[in-house]
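Reviewing the structure listed below.
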Amino acid sequence: MIAYIHGKLAYKCPTYVIVETTGVGYHIHISLNTYSQIADVGNNGSSLVKLHTYLSIKEDAHTLYGFADEGEKRLFIHLISVSGIGPNTARMMLSSITPVEIEKAIVNGDVPQIQRIKGIGPKSAQRLVLELQDKLKKEVGNSLIQLPQNNGVRDEALTALVMLGFAKASAEKVIDNLLRKADGELSVEGLIKESLKNL
């Protein structure tokens, strides 16, 4: 519902911030990971901040959670999709170890590493691995672990096709064939359109 909030940082502490935009102050819960990436409130209260947000709606509360980057938000959404992991537990996880470490532990099936996080027992740790391992492995180009710094045309097109629901192996095959024929002179859009005709 609210993708992000951009405004003046009015208050900052390790668990939440208040961001003012168009005269409204938003109370946004954050992890320590996000806290460490946000600049401090300036002397004149004019520090600007942009947080990617997730709105949790329950019968008794509407709670905003904020993230310094899209990758942390995506991982948070994955974590709360697992039975027994609520928004506060997910935030605790993201405050205990970095999002990259969490993702690596899940992808590698490192249950002991996940169990070291306060509030995560053996069953929850195993459930996280069981339910998220394959999902995180399939997130081509969106993974925190292997986030490409310079996305080539091939990588961008492959990411888009996988996000559209095509199998990575089939998409790679089609893309590589098209790039060979075209001598690498295709734009991302062109490559995606041509690939869709062949998938």
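When all heavy atoms are compared, the tightest approach of E72 to P99 is CG-CG, 3.9 Å. The shortest heavy-atom contact between I57 and H62 is CG2-NE2, 3.4 Å. The two residues L196 and L161 make their nearest non-hydrogen contact at CD2-CD2, 3.8 Å. Contact record, C13 with I30: O-CD1, 3.6 Å, taken as the closest heavy-atom pair. Here the closest heavy-atom approach between residue S36 and residue N33 is recorded as OG-O, 2.7 Å. Contact between I28 and Y65 at its shortest, heavy atoms only, is CG2-C, 3.7 Å.
A continuous path of Ile, Leu, Val, Met, Phe, Trp and Tyr side chains, each step under 4.5 Å between heavy atoms, connects I175 with L199, placing both in one hydrophobic cluster. Hydrophobic clustering keeps V49 apart from I18 (ILVMFWY residues linked when any side-chain heavy atoms are closer than 4.5 Å, directly or through intermediates). Under a hydrophobic-cluster definition in which Ile, Leu, Val, Met, Phe, Trp and Tyr are linked whenever side-chain heavy atoms come within less than 4.5 Å, directly or via other members, Y4 and V24 are assigned to different clusters. Using a 4.5 Å cut-off between side-chain heavy atoms of Ile, Leu, Val, Met, Phe, Trp and Tyr, with links allowed through other members, V153 and F166 fall into the same hydrophobic cluster. No single ILVMFWY cluster, assembled from side-chain heavy atoms under 4.5 Å apart, contains both I5 and Y11.
Without hydrogens or angle criteria, Q133 side chain to V107 main chain gives a donor-acceptor distance under 3.5 Å. Between the side chain of S195 and the main chain of V174, no donor-acceptor pair closer than 3.5 Å is present. In this structure, the side chain of S95 does not engage the main chain of S31 through any donor-acceptor pair within 3.5 Å. Proximity of a side-chain donor or acceptor of S56 to a complementary backbone N or O of T63 within less than 3.5 Å is not detected.
Expressed to the nearest 0.5 Å, how far CD of E156 lies from CD1 of I192 amounts to 8.0 Å. For the atom pair CD1 of I102 and CD1 of I120, the computed distance is 9.0 Å after rounding to the nearest 0.5 Å. K168 NZ to T159 OG1: the interatomic distance, rounded to the nearest 0.5 Å, is 9.0 Å. Atom NE2 of H52 and atom NE2 of H6 lie 10.5 Å apart (nearest 0.5 Å). Taken from NZ in K73 to CG in L94, the straight-line distance is 13.5 Å, to the nearest 0.5 Å. In this structure, CG in N177 is found 8.0 Å from CG in N198, a value given to the nearest 0.5 Å.
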As a quick check of understanding, evaluate side-chain contact (heavy atoms from CB on, under 4.5 Å) for I38 and S47, giving each step before the final call. CA-CA 10 Å; I38 298 173; S47 302; over 6 Å; no
For the pair D110 and I114, evaluate side-chain contact (heavy atoms from CB on, under 4.5 Å) and give the outcome as yes or no after the intermediate values. CA-CA 7 Å; D110 189 351; I114 300 166; 5.7 Å; no
Start with the C-alpha distance between R91 and T15, add both sets of side-chain angles, then the distance that settles side-chain contact (heavy atoms from CB on, under 4.5 Å), and finish with yes or no. CA-CA 9 Å; R91 182 173 65 148; T15 55; 3.9 Å; yes
Under the side-chain contact (heavy atoms from CB on, under 4.5 Å) rule, what do I97 and R116 come out as? Steps first, then yes or no, please. CA-CA 9 Å; I97 60 176; R116 286 190 198 105; over 6 Å; no
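A 4.5 Å side-chain heavy-atom check between I80 and Y54 finds at least one atom pair inside the cut-off. Between E131 and H78, the closest side-chain pair of non-hydrogen atoms is not below 4.5 Å. The shortest distance between side-chain heavy atoms of K135 and S81 falls below 4.5 Å. A 4.5 Å side-chain heavy-atom check between K8 and L48 finds at least one atom pair inside the cut-off. For the pair R154/D176, a side-chain contact is recorded, criterion being any heavy-atom separation below 4.5 Å from C-beta on.
Under the 4.0 Å criterion applied to side-chain N and carboxylate O atoms, E194 and K197 are assigned as salt-bridge partners.
Partners of K12 under the side chain to side chain donor-acceptor pair (under 3.5 Å) rule, at least two apart in sequence or in another chain, are D40. Judged as a ring-ring contact (aromatic ring centres under 6.0 Å, His included), and not counting sequence neighbours, the contacts of F67 are F76.
Here the options are L128, L130, V129, the test is side chain to side chain contact (heavy atoms under 4.5 Å, CB included), and the partner is V82; only L128 passes.
The salt bridge (Lys or Arg N to Asp or Glu O under 4.0 Å) pairs that include a residue from residues 55-66 number zero, where partners must be two or more places apart or lie in different chains.
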